[in-house]
2 protein chains.
Amino acid sequence: MAYGRRVSESGVREAGARRGRGRPARYSLDELLAVVVAEFNARGYDATSMEDVARATGLTKSSVYHHVSGKEELLHRAVSRALDALHAVLDEPTSTSGPAVDRLEHVVRRSVEVLAAELPYVTLLLRVRGNTPTELAALDRRREFDRRLAALVQDAIDAGEVRRDLDPRLVTRLLFGAVNSVAEWYRPDGAHGVPEVADTLVALTFGGLRRA
Amino acid sequence: MAYGRRVSESGVREAGARRGRGRPARYSLDELLAVVVAEFNARGYDATSMEDVARATGLTKSSVYHHVSGKEELLHRAVSRALDALHAVLDEPTSTSGPAVDRLEHVVRRSVEVLAAELPYVTLLLRVRGNTPTELAALDRRREFDRRLAALVQDAIDAGEVRRDLDPRLVTRLLFGAVNSVAEWYRPDGAHGVPEVADTLVALTFGGLRRA
DNA sequence: GTCTATATGTTGATAGAC
DNA sequence: GTCTATCAACATATAGAC
């Protein structure tokens, strides 16, 4: 923490205060990315100009271009981070051994945890539309992730551990639709902690809402 | 259907074929909106320029400005249509009388149906970020809708018809997170029809996935 | 109700001094 | 590694002819 950098509680450096004055900011790429991704999520990637990025970081546009080749590299680094974290969940030991329904439940829980831990990056990923090569590549990796999820649901059905009367691809989409929706409202300092969110999600989708 | 207008199966006039040539298009506002909203959803609202809008409609920018005051009016008309349709669900008789859990289930089913029927408009609504006055007003109406949903869940808990061990606001968010996620993949000509989607969603969230 | 032409601001990105 | 100054392209929107 040299230079007494002004960094907010969330670990995101505070915005725009020192442009052109005082000591140079000396951003690391990760620090810069955290600020920029927060801005992308607040205004939308397309609606955020490089001038907005510069203002948020407290640098000039030129200085931002010293760190990255352009706006798209910022997006690429952000969504790659999210995709790496999500794919890693599927490679965990508990995701690959044991009863299929337990593996599925584990992946649901861990997905919520990763979503919370990497919230800004996952949020940005979930909003990617496919306008650029970077975005298309991200959508491809997302689809690969979804295929691996669907295989997990299929395993649980084949093992007779979940009800067989539902289409597995449809169940996968709805189940992880609920998981992903957490990104729309979850806040680290909000009313609900990660364990409660994960427990409620599992209770809702594995146990069901209706009273016995 | 005068003038033998070229309109696709989805009711959306086909794009860009006649700019500057042949008979004037004579768009109604609703027809124009359908084309434009499809474009907004394909590229993202912010990433869609008025030039893109003009190309998609087969008009010039100037002609588009004859129909609407600007880009934001197009957004306003689209999200208002979605919000009107969603709020109407809560005012249906079956949403306001009978056992609370049945009212809740009815609203879930009808929300899926409205989402499918008004897919492009709801899709656009769900992506609104809050950058402009129009978007902020839309977010306000969405929040009001969510409040009414949460009250429905609370009613079902108070009536003892659903399990009491879950936080009602959290359940509301996850339940309708799953509902809204349908907009991300549902297609009218896709593998799953609306009744199957609604049945599966209700089975998943009210009955639960795990085998008894 | 459509067009061509244009006004005026903003965009992503670069040149080059310090 | 930051800055000032600038560019060409593209943005939203308008004027006015037909």
Side-chain angles (χ1 to χ4, degrees), chain A residues 2-3 5-6 13 15-33 35-37 39-40 43-78 131-135, chain B residues 2-6 13 15-33 35-36 39-40 43-78 131-135:
Chain A
Y3 305 108
R5 297 174 190 164
R6 254 182 289 105
R13 184 193 298 263
R18 57 156 298 287
R19 155 123 71 157
R21 300 179 271 111
R23 192 198 303 274
R26 304 172 113 277
Y27 274 104
S28 77
L29 235 177
D30 278 353
E31 287 176 331
L32 189 123
L33 197 61
V35 177
V36 172
V37 169
E39 193 76 2
F40 283 167
R43 315 167 64 104
Y45 173 73
D46 289 305
T48 306
S49 71
M50 288 299 276
E51 183 61 45
D52 294 328
V53 166
R55 193 181 311 111
T57 56
L59 301 177
T60 59
K61 280 194 288 180
S62 283
S63 296
V64 175
Y65 277 102
H66 174 80
H67 292 278
V68 291
S69 65
K71 197 177 159 183
E72 195 157 2
E73 186 187 330
L74 290 164
L75 180 65
H76 177 74
R77 300 192 101 97
N131 283 349
T132 64
T134 292
E135 297 188 33
Chain B
Y3 305 109
R5 296 172 192 166
R6 253 181 287 106
R13 184 192 298 263
R18 57 154 300 286
R19 156 122 72 156
R21 300 178 271 112
R23 193 197 302 273
R26 305 173 112 277
Y27 274 103
S28 77
L29 199 55
D30 278 353
E31 286 176 331
L32 189 124
L33 196 62
V35 177
V36 173
E39 193 76 1
F40 283 168
R43 314 168 63 105
Y45 173 72
D46 289 305
T48 306
S49 71
M50 289 299 275
E51 183 61 46
D52 294 329
V53 167
R55 193 182 311 111
T57 56
L59 302 176
T60 58
K61 280 193 288 181
S62 283
S63 297
V64 175
Y65 277 103
H66 174 80
H67 292 277
V68 291
S69 65
K71 198 177 159 182
E72 194 157 3
E73 186 187 330
L74 290 164
L75 181 65
H76 177 75
R77 298 192 102 96
N131 283 349
T132 64
T134 293
E135 297 190 32

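First the proteins, then the strands, lettered A, B, ... as listed; each starts at 1.
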Check your understanding: Would one find a side-chain N or O of B/His66 under 4.0 angstrom from OP1 or OP2 of C/dG1?
Key -> yes

Check your understanding: Can a side chain N or O of A/Thr60 be found less than 4.0 Å away from OP1 or OP2 on D/dC3?
Key -> yes

Check your understanding: So do the side chains of A/Leu59 and A/His67 get within less than 4.5 Å of each other, counting heavy atoms only?
Key -> yes

Exercise for review: Could you check if a side-chain atom of B/Leu29 sits within less than 4.5 angstrom of a side-chain atom of B/Val68, using non-hydrogen atoms only?
Suggested key: yes

Check your understanding: How long is the line joining CG of B/Asp52 and P of D/dT12, in whole Å?
Key -> 8 Å

Exercise for review: Find the distance B/Glu51:CD to D/dT12:P and express it as a whole number of Å.
Suggested key: 9 Å

Review point. Do the side chains of B/Phe40 and B/Lys71 get nearer than 4.5 Å, heavy atoms only?
Key: yes

Point to revise | B/Thr57 (side chain) donor-acceptor with B/Val53 (main chain) under 3.5 angstrom | key: yes

Review point. In whole angstrom, what separates A/Leu59's CG from C/dA13's C1'?
Key: 16 Å

Kindly give the atom pairs (protein nitrogen or oxygen, nucleotide nitrogen or oxygen) under 3.5 Å for nucleotides 14-18 of chain C.
residue, atom, partner, partner atom, Å
C/dT14, O4, A/Ser62, OG, 2.9
C/dA15, N6, A/Ser62, OG, 2.8

Exercise for review: Take atom CG of B/Asp46 and atom C1' of C/dT10, then tell me their distance rounded to the nearest Å.
Suggested key: 14 Å

Point to revise | Any donor-acceptor pair under 3.5 Å from B/Glu51 side chain to B/Lys61 backbone | key: no

Practice item. Could you verify whether a donor N or O on one side chain and an acceptor N or O on the other, from B/Glu39 and B/Thr48, lie under 3.5 Å apart? Key: no

Point to revise | Whole-Å distance separating the NE2 atom of A/His67 from the P atom of D/dC3 | key: 9 Å

Review point. Would one find a side-chain N or O of B/Ser63 under 4.0 angstrom from OP1 or OP2 of C/dC3?
Key: yes

Review point. How many Å lie between CE on B/Met50 and C1' on C/dT4, as a whole number?
Key: 17 Å

Revision key, fill the gap. Sorted by chain and number, sequence neighbours left out, side-chain hydrogen bond (donor to acceptor under 3.5 Å, both in side chains) with B/Asp52 holds for B/Arg43, B/Ser49, B/Arg55

Point to revise | Distance, rounded to the nearest Å, where A/Glu72 contributes CD and C/dG12 contributes C1' | key: 12 Å

Review point. Within this structure, what is the CG-to-C1' distance between A/Leu75 and C/dG12, rounded to whole angstrom?
Key: 15 Å

